[in-house]
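The next block holds one structure in the form of structure tokens; read it before the comments.
Given the structure is predicted, the values throughout are model-derived calculations rather than measurements. Heavy atoms only: backbone and side chains are in, while hydrogens, waters and symmetry mates are out. The chains referred to below are lettered A, B, ... by the order of the sequence lines, with proteins before strands, and numbering in each begins at 1.
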Amino acid sequence: MKYEPQKLETKWQAFWQREGLFEVAEDPQREKYYLLEMFPYPSGRIHMGHVRNYTIGDVVARYKRMLGKNVLHPMGWDAFGMPAENAAIENSTHPAKWTYDNIEAMKEQLKKMGFSYDWDREIATCDPDYYKWEQLVFLKMYDKGLAYKKRAFVNWCEKCQSVLANEQVVNGCCWRHTDLEVSMKEMDSWFLKITDYADEILDYCDRLPGWPDSVLKMQKNWIGKSYGAIIRFPLVGSDKVVEVFTTRQDTLFGATFMCLAPEHPMVKEIVKGLPQEKEVHQFIENTLKMDSFMRTADFTSKEGVFTGRYCLNPVTNEKIPIYAANFVLFDYGTGAIMAVPTHDQRDFEFAKKYGLPLRVVISPPDHEIDEETMTEAYIEEGILINSHPFNGQRNLEALDSIAEYLESEGIGQKTVNYRLRDWGISRQRYWGAPIPIIYCDRCGTVPVPENDLPVELPLDLDLRPNGASPLPFEPSFFETVCPECKGKARRETDTMDTFVESSWYFDRYACPEYALGPLDKDRVNYWMPVDQYIGGIEHAILHLLYSRFYTRVMNDLGYLNIREPFLNLLTQGMVCKETQQCPTHGYLYPYQVREGRCSLCQAEVITGSTVKMSKSKRNVVDPQDLIDQYGADTVRMFCLFASPPEKSLEWSDQGVEGSFRFLNRVWRLILDCLDDLKKVSSYDGKIELADPLKSLHRKTHQTIKKVTNDIEDRFHFNTAISAVMELVNETNQFINSNGKKDDTAWSVIREAVEATVILLSPVVPHITEELWQVLGYKDSLLKVEWPHYREESLHEEERLVVIQVNGKVRSKIVVPSSLNEKEIEILALEDERIKQVIGDKAVAKVIVVQKKLANIVVKN
RNA sequence: GCCUGGGUGGCGGAAUAGGUAGACGCAAGGGACUUAAAAUCCCUCGGAGCUUAGCUCUGUACGAGUUCGAUUCUCGUCCCAGGCACCA
């Protein structure tokens, strides 16, 4: 019988579905295990990134199931978002139709991969039954002040025709349109108050041992907590003060001027009626015209303009000039800084450019610096000078006492500041969840009453050809009545950032059909938190940070009992492949290359670097083609075997071929000697074995141990598979070795073969189900318990001991493993080769590592 | 610039608590089977050298150090990838 993957995969997929083997229910008697992979955007076809991500997850899910755990392994669709709108315009379909068609197609593909999802729990976030609850949570957040609207400078992407959150701006560009710079636009936007939770989210970073350090570091950096002080500088000729935030109150005595962000409302206020007014206004206008990327780029020089006004340095009482400066950020701290040119490089450059005074207040321990001659700011530690009464103290040690001094004098106080800003969720998009708010001329901003939810997205609209949202142009949507005064009112036409949907979908999987609220508490509390979350590193900040925030909000609103959603996180690496370019036709798809030549013009193809698979580089492999050619098992196996999950995976067609060959080898191993195998049952340990049977039996148990450890502790499926390959090789060798084989021999072979099948089953579930049946078992492998190794079977009577002289291997001996260190030392010294090497040199000492090595240290 | 990772054969990668560097696989070369091909099986496979059943030297980006012993630990340098980046 030949290995025909497609036939047998269809058979087993149908079987699993018919038997409902992946459907789970809450069972308080059993230990739960929630395994989650990041749900996909339904783009229409799965790609290799999905295949890798979901294969890793599926192995763990199947493994945990075999350990007897009650495993929740759901799948759904991150179904709102821009591409649906773009596709709708291009193909003149509706985003909803496009999305649901794609979901159907991708679901089909995922099923072909043999993933063990409980499809009864499927979620699509564009379903009103889903976003209804999101709208409800939004209203609850609005009640508590966690959702609020403000006029703000926001990131605007021209291509998206929409606002972006700070997290969605990458190198000054939109995260989806990396070729287009984001500009700043002042508009009304809704925000979620993630900053209220900044401290807690930061603290808990140290309580997530199951997360990669790199991700936690990124989140910590993103939150950017810093300790400092707010200091009030009285404005000369007014009773007003200008507040600044600084982490360097130790340099306050050296503050010789002040800079305000151009957007700072005080700038326009203080220049009113002064000769500088026109110039300042011009400066503000010019600066704001620049988009955020240009404004903050390396090559943009520090510029500013004198406002004509002064404030008083509150500790020196000196009059210091106030500038408006382009490098001061409006939305960090207070939007104003005290400038200390002697100890801050930016301030130094600015001061030199505009001829502003310098005063050194920190003196280096080993030399003196002079305001006249210094060429850069001194930013190291030192001793405070010109800072009565703090002179002579070490600057860092004085930070606290200076802050206390400011507090006691009433001119400032200690404070903590964050880099993290509130999450802007307004999107001027159509294909998203409507924000449930109504604007009434009389009653102002009025939340939609809970009974009126969901605010459904109308499906009977035509999209506007320029890509803008049709909602603000659609009276049937935005015209409504005020819930309070019943007068004419207008709906909010912005929709929510799609990251809101993905911030709680994992909760909803616990109770996807629940109709009485967002979450069924009992079920959610049984399943949550997610025990193992698996997904791409690209979501290290965006999705994972939002989800940690949203979970806390849901907890505070009483919807669930936990504060952290994901116990363990595995971030899998990218799938890469080399690029191929034709001199005339540019990047080529793999199928366009034949024997190193371009199939269009026969020119020699240049093989480029290996980079992440992407359509733009055309270095993609369609999983569907591979499934058709080799079957899902081979694809799954290669994804796992080629590299450990957290590293990037380099695609190799020959590697795939190798995986396919291996599965064929396993297939033949069993089918070629099926008659012999069927005569016996698996070796039960009752009969004492002698070599070579004993060593095959030992190898089987060593393999069980290794595979179990590799999956359990490290998710290192590549080494787990290697171990099984070794077992298969050894079994094959044993079968092919001469000598008659009795029933005992066959029972030991059968033990090895059964172990092979079971250990491989999470990786290649179809072929192993088939082989299990071929071996004569009636029940599905899914119901088989994960094997245990027997400690006594691992025992080896003999050990190879390496003998080194001065750390270099000089001989190897096989000794009984019962020998103690002294006995090994004696044998090592008696070894003929060793005697030769040592000659007449004196042995200084001998180091023996039990059962492994002896190192003889000699002197000459 | 700062913060994370990471640099091991022709290639993907092993070496889990400092103990034989290169498991397993791919590619390559040689051989067997075959009329032939495919498939399969067997052998070789880091580099250099030698008096070649084997042996010696060398080798995990580079340079030092700790140690009986370092791919693994420490310090310095270089390179690559990712994140942050005028955050006061």
Side-chain angles (χ1 to χ4, degrees), chain A residues 170-172 212-222 224-226 228 244-248 251 255 259 295-298 300-302 325-329 331-340 343-347 349-350 417-421 537-538 540-541 571 573-574 610-611 638 641-644 646-659 661-662 664-665 668 706 709-710 713-714 716 718-726 728-729 732 736 800-812 833 844-850 852-858:
Chain A
V170 178
N171 289 330
D213 287 340
S214 55
V215 173
L216 293 171
K217 263 274 162 43
M218 277 190 234
Q219 294 210 348
K220 284 182 185 173
N221 287 342
W222 189 263
K225 184 178 188 175
S226 52
V244 304
F245 170 74
T246 182
T247 57
R248 295 296 306 276
T251 63
C259 292
R295 195 173 146 189
T296 60
D298 273 347
T300 305
S301 62
K302 290 169 187 40
N326 65 349
F327 69 91
V328 180
L329 302 172
D331 53 2
Y332 182 78
T334 62
I337 62 158
M338 64 176 206
V340 185
H343 304 294
D344 181 289
Q345 188 57 25
R346 292 160 301 185
D347 297 348
E349 285 166 29
F350 194 86
N417 198 52
Y418 299 90
R419 208 188 77 107
L420 179 74
R421 320 282 153 84
I537 184 80
E538 65 272 22
I541 295 170
T571 49
M574 300 175 300
T610 301
V611 293
F638 176 73
F641 180 63
S643 69
E646 66 279 5
K647 289 205 1 177
S648 65
L649 181 152
E650 196 176 314
W651 196 260
S652 149
D653 294 333
Q654 284 141 344
V656 177
E657 199 77 46
S659 296
R661 271 205 296 268
F662 171 70
N664 273 286
R665 243 176 27 245
R668 284 195 312 269
K706 166 115 181 103
N709 289 345
D710 281 352
D713 305 340
R714 319 193 296 167
H716 277 205
N718 56 333
T719 49
I721 292 169
S722 296
V724 180
M725 284 175 167
E726 284 184 48
V728 169
N729 291 345
N732 257 324
N736 296 331
L800 180 73
V801 171
V802 168
I803 311 174
Q804 300 180 331
V805 176
N806 287 346
K808 285 185 178 169
V809 180
R810 294 295 149 148
S811 184
K812 298 170 186 181
R833 281 203 33 75
K845 61 174 163 175
V846 179
I847 290 137
V848 176
V849 180
Q850 264 309 358
K852 266 196 180 151
L853 155 151
N855 188 15
I856 300 163
V857 185
V858 299

Closer than 4.0 Å, any side-chain N/O of [X] to the OP1 or OP2 of [N]?
| X | N | result |
| --- | --- | --- |
| A/Lys845 | B/C68 | yes |
| A/Arg668 | B/A39 | no |
| A/Ser226 | B/A88 | yes |
| A/Arg833 | B/U56 | yes |
| A/Asn718 | B/A14 | yes |
| A/Arg661 | B/C26 | yes |

So which nucleotide from [options] ends up closest to the side chain of [X]?
| X | options | value |
| --- | --- | --- |
| A/Met218 | B/G19, B/G83, B/A88 | B/G83 |
| A/Val857 | B/C68, B/C84, B/C86 | B/C68 |
| A/Lys302 | B/U20, B/C84, B/C86 | B/C86 |
| A/Asn855 | B/C26, B/U20, B/C68 | B/C68 |
| A/Arg665 | B/C41, B/G83, B/U20 | B/C41 |
| A/Glu650 | B/C11, B/A88, B/U56 | B/C11 |
| A/Glu726 | B/A23, B/A88, B/G25 | B/A23 |
| A/Phe327 | B/U16, B/A88, B/C41 | B/A88 |
| A/Lys706 | B/U4, B/U16, B/C84 | B/U16 |
| A/Arg810 | B/C57, B/U20, B/G12 | B/C57 |

Classify the nucleic acid contact of [X] as base, sugar-phosphate or nothing, counting any heavy atom under 4.0 Å across all strands shown.
| X | result |
| --- | --- |
| A/Gln345 | nothing |
| A/Pro644 | sugar-phosphate |
| A/Asn729 | sugar-phosphate |

Between A/Asp344 and A/Arg248, does any NZ, NE, NH1 or NH2 come within less than 4.0 Å of an OD or OE carboxylate oxygen?
no
Rounding to the closest angstrom, what is the interatomic distance between [N] and [M] at atom [atom1]?
| N | M | atom1 | result |
| --- | --- | --- | --- |
| B/U77 | B/C24 | C1' | 35 Å |
| B/A21 | B/A70 | P | 10 Å |
| B/G83 | B/G65 | P | 38 Å |
| B/A85 | B/G76 | P | 27 Å |
| B/G47 | B/G29 | P | 16 Å |
| B/C42 | B/G25 | P | 11 Å |
| B/G7 | B/U74 | P | 14 Å |
| B/G30 | B/U35 | C1' | 22 Å |

What is the base-pairing partner of [N], counting Watson-Crick and G-U wobble geometry with both distances under 3.5 Å?
| N | result |
| --- | --- |
| B/C41 | B/G31 |
| B/C75 | B/G63 |
| B/A88 | none |

Nearest whole angstrom, please: distance from the [atom2] of [N] to the [atom1] of [X].
| X | N | atom1 | atom2 | result |
| --- | --- | --- | --- | --- |
| A/Lys220 | B/C2 | NZ | P | 20 Å |
| A/Lys225 | B/C3 | NZ | P | 21 Å |
| A/Phe641 | B/G12 | CZ | P | 14 Å |

Look only at the side chain of [X] and the backbone of [Y], and say whether a donor-acceptor pair between them is shorter than 3.5 Å.
| X | Y | answer |
| --- | --- | --- |
| A/Ser648 | A/Met574 | no |
| A/Asp710 | A/Asn718 | no |
| A/Asn417 | A/Ser226 | no |
| A/Arg810 | A/Arg833 | no |

A/Asn221 and A/Arg419: side chain donor to acceptor below 3.5 Å:
no
Base B/U56 to side chain A/Lys808, donor-acceptor N/O within 3.5 Å cut-off:
no
A/Met725 or A/His716, whichever maps to the more 5' nucleotide of RNA chain B
A/His716
Assert: residue with more 5' nearest nucleotide on RNA chain B, out of A/Asp213 and A/Gly658, is A/Asp213
Value rounded to 0.5 Å, distance of CD1 in A/Ile337 from CZ in A/Phe327
4.0 Å
